[in-house]
Number of protein chains: 2
Amino acid sequence: MANAGEFPIENRPPAAIAHEAAAIARPKVAVDTVLFAVGGRGLEYYLLQLAGGPNAGKWAFAGGLVRVGETLDGAARRALRDASALTNAYLEQLFSFGDPSRDPTSHVVSVAYMALIDNPKRIGAASSKYSGGRWFAAGELPELAYDHSLMAEYALARLRAKLEYTNIACALLPPSFTFAELEEVYAAVLERPLDRRNFRRRIMAMDLLRRTPEQRRGAHRPAALYAFKHRSVRAIQML
Amino acid sequence: MANAGEFPIENRPPAAIAHEAAAIARPKVAVDTVLFAVGGRGLEYYLLQLAGGPNAGKWAFAGGLVRVGETLDGAARRALRDASALTNAYLEQLFSFGDPSRDPTSHVVSVAYMALIDNPKRIGAASSKYSGGRWFAAGELPELAYDHSLMAEYALARLRAKLEYTNIACALLPPSFTFAELEEVYAAVLERPLDRRNFRRRIMAMDLLRRTPEQRRGAHRPAALYAFKHRSVRAIQML
DNA sequence: CCAAAAGTGTTGAGTATACACCCATGA
DNA sequence: TCATGGGTGTATACTCAACACTTTTGG
């Protein structure tokens, strides 16, 4: 666990307190969430411009300090809500960054998260700690505050990997969707074109989808609508 | 980054300080390291018995609180050294556990690590915060302190997964080894027998090993010794 | 010469890839 | 009727799994 084998400070003999109190860091603990959606320009990241602090004006992912009584997931969810008014994104912890000099103003350990939503337009207003927010295409990220570029890389790698062996794509799609839309999500995340027939066969073999009775009607031939059998993200059975 | 967009507390107007100061948690930050080696009974975990604190007598992984100026990796390395006198294990961050009630005495966020060594006998003496340490076979873990059972599961899952697509096995083997020893490591971690011929072909196809001129001589036919081309852990090229 | 571990190929099944044409609809 | 995106099958290359005997050494 946490302080495996540590005495709580209050239970230590006075000498131990003096010795340990000097050494033990009390970093702040933060969370930062890399938010993805697939939009018109492929895979996009949502960034916020910092209104104040040492990095005022720079772009960063939605983040904030963990509050009393809060879990890490809870803090990530709240920070995301404050930054984008989203309340039901898929959320997954990625990695913790703890270099004591990563934030020049103080020792801050940050737990990075990845969040996924089905539509970039679902974003709402940000709290006053940001001066604004917008989506950036994967290849066009601006310079980021702190070590957020590392987080961006890490998040993309995780998302790509999980696309191959989980049903995580369901978090990037609305409840029902056409096969073309599903393929577009895969192609956007993997950044390569897919063969339509092989893709359909592969997905069907995974037995993830059910066909809904509805159709999407547009300017041309209607497309069948599909939904994921399970909306919770899980590893795919590979026998 | 960390406190993306947060004002450092000392720069805020007094009202903000009062408001935020009540809300922001100052958890302790700990690291805990799940140490693995392959021994006579297959894959084994190294556990330490806690000498004091609320969980005195229970078994736990090597852990400790992060100190002033320390990175997370540095803290994990130090905690491992204090618990086992190891200085050069392979170390990899796994996941952070931050439920405020995971440690009943205070809010402690713990960053879990996995460590690998090539030989369980390399373990040295533990610091006085532990009353002892020993190896446990994978199927025979005792009840663990805090949420360390979760960490154990998480670590095993990570190790198994990485065995398939990285050269991480090199961290569980000495600099040179026979093919039988390499196969034993794979079989121990995956907990299933492997076909010798198929295994050899698969590993050779990955182009990870070089054959050394030496041989291991024993009671029977001598075995060729191999070494990993690269001792740093990296993903395998799958074209 | 015997016991024990090291070393080595082939076959068959299943999986993944490449590839092009017809269909249904709205305009 | 035409333009547009939706939907479908096959042939081939490759990968993975199953399987058993010979070799080399020490005792």
Side-chain angles (χ1 to χ4, degrees), chain A residues 38-40 42 160-161 163-166 169 173-174 176-228 235-239, chain B residues 38 40 42 160-161 163-166 169 173-174 176-227 235-239:
Chain A
V38 175
R160 279 205 183 131
L163 208 58
E164 311 271 14
Y165 69 94
T166 71
L173 286 160
S176 72
F177 48 86
T178 67
F179 239 98
E181 288 162 349
L182 178 62
E183 188 183 328
E184 192 197 337
V185 164
Y186 273 78
V189 174
L190 301 176
E191 284 188 298
R192 61 182 158 91
L194 300 169
D195 179 88
R196 206 193 319 166
R197 284 165 293 185
N198 293 337
F199 177 74
R200 183 182 283 253
R201 183 172 31 243
R202 244 181 62 210
I203 297 291
M204 284 312 198
M206 291 174 180
D207 193 36
L208 296 178
L209 304 185
R210 69 189 157 75
R211 185 165 175 161
T212 70
E214 289 89 43
Q215 292 190 319
R216 167 82 38 89
R217 308 188 73 83
H220 303 292
R221 174 173 175 175
L225 286 177
Y226 292 84
F228 279 91
I236 290 163
Q237 308 294 12
M238 312 264 192
L239 183 102
Chain B
V38 175
R160 278 203 184 136
L163 209 58
E164 312 270 13
Y165 69 93
T166 72
L173 284 161
S176 72
F177 48 86
T178 66
F179 238 99
E181 289 162 349
L182 178 62
E183 187 182 329
E184 192 198 338
V185 164
Y186 272 79
V189 174
L190 300 175
E191 285 187 298
R192 60 184 157 88
L194 300 170
D195 178 86
R196 205 191 320 164
R197 286 165 291 186
N198 292 337
F199 178 74
R200 182 181 284 252
R201 185 174 28 245
R202 244 180 61 210
I203 297 290
M204 284 312 197
M206 291 175 180
D207 193 35
L208 295 179
L209 304 185
R210 69 189 157 76
R211 186 165 174 162
T212 71
E214 288 88 46
Q215 292 191 322
R216 166 82 36 91
R217 307 189 75 81
H220 302 294
R221 176 173 175 174
L225 286 177
Y226 292 83
I236 290 163
Q237 308 293 13
M238 312 264 192
L239 182 100

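Both backbone and side-chain heavy atoms feed into the values below; hydrogens, waters and symmetry mates do not. Letters A, B, ... mirror the listed sequences (proteins, then strands); counts begin at 1.
- If you take CD on A:E183 and CG on A:D195, they are separated by 8.0 Å, rounding to the nearest 0.5 Å.
- Of the inter-residue distances, the one linking A:M206 atom CE with A:T166 atom OG1 reads 9.0 Å to the nearest 0.5 angstrom.
- The two residues A:L225 and A:R216 come nearest to each other via the heavy atoms CD2-NH2, 3.7 Å.
- Atom CG in B:L209 sits 6.5 Å away from atom CD1 in B:I203 (nearest 0.5 Å).
- Judged as a side-chain contact (heavy atoms from CB on, under 4.5 Å), and not counting sequence neighbours, the contacts of B:R217 are B:Q215, B:P222.
- Of all heavy-atom pairs spanning A:T178 and A:A223, the tightest one is CG2-CB, 3.6 Å.
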Next item on the list: Indicate for each nucleotide in nucleotides 19-27 of chain C, in 5' to 3' sequence, whether protein heavy atoms under 4.0 Å reach the base (B), only the sugar-phosphate (S), or nothing (-).
Entry: BB--BBBS-
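- For residues 194-218 of chain A, the ring-ring contact (aromatic ring centres under 6.0 Å, His included) pairs, not counting sequence neighbours, are A:Y186-A:F199.
- Rounded to 10 degrees, the angle separating the terminal axes of the helix from C:dC1-D:dG27 to C:dA27-D:dT1 is 0°, with each axis obtained from five end pairs.
- You'll find the side chain of B:E164 reaches within 4.5 Å of the side chain of B:L190, heavy atoms only.
- Along DNA chain D, read 5' to 3', the first and last nucleotides having any atom under 4.0 Å from a heavy atom of chain B are D:dA17 to D:dG26.
- Contacts classified as ring-ring contact (aromatic ring centres under 6.0 Å, His included) and involving residues 201-227 of chain B (residues at least two apart or in different chains) are given here: B:F179-B:Y226.
- Note on B:A224: only backbone sugar-phosphate atoms sit closer than 4.0 angstrom, heavy atoms only; bases stay farther off.
- For the OP1/OP2 pair of C:dA16 and a distance below 4.0 Å, the side-chain nitrogens and oxygens of A:R202 include no atom meeting the criterion.
- Of the residues listed (B:R202, B:R200, B:R201), the one engaging B:N198 in a side-chain hydrogen bond (donor to acceptor under 3.5 Å, both in side chains) is B:R201, and it is the only one.
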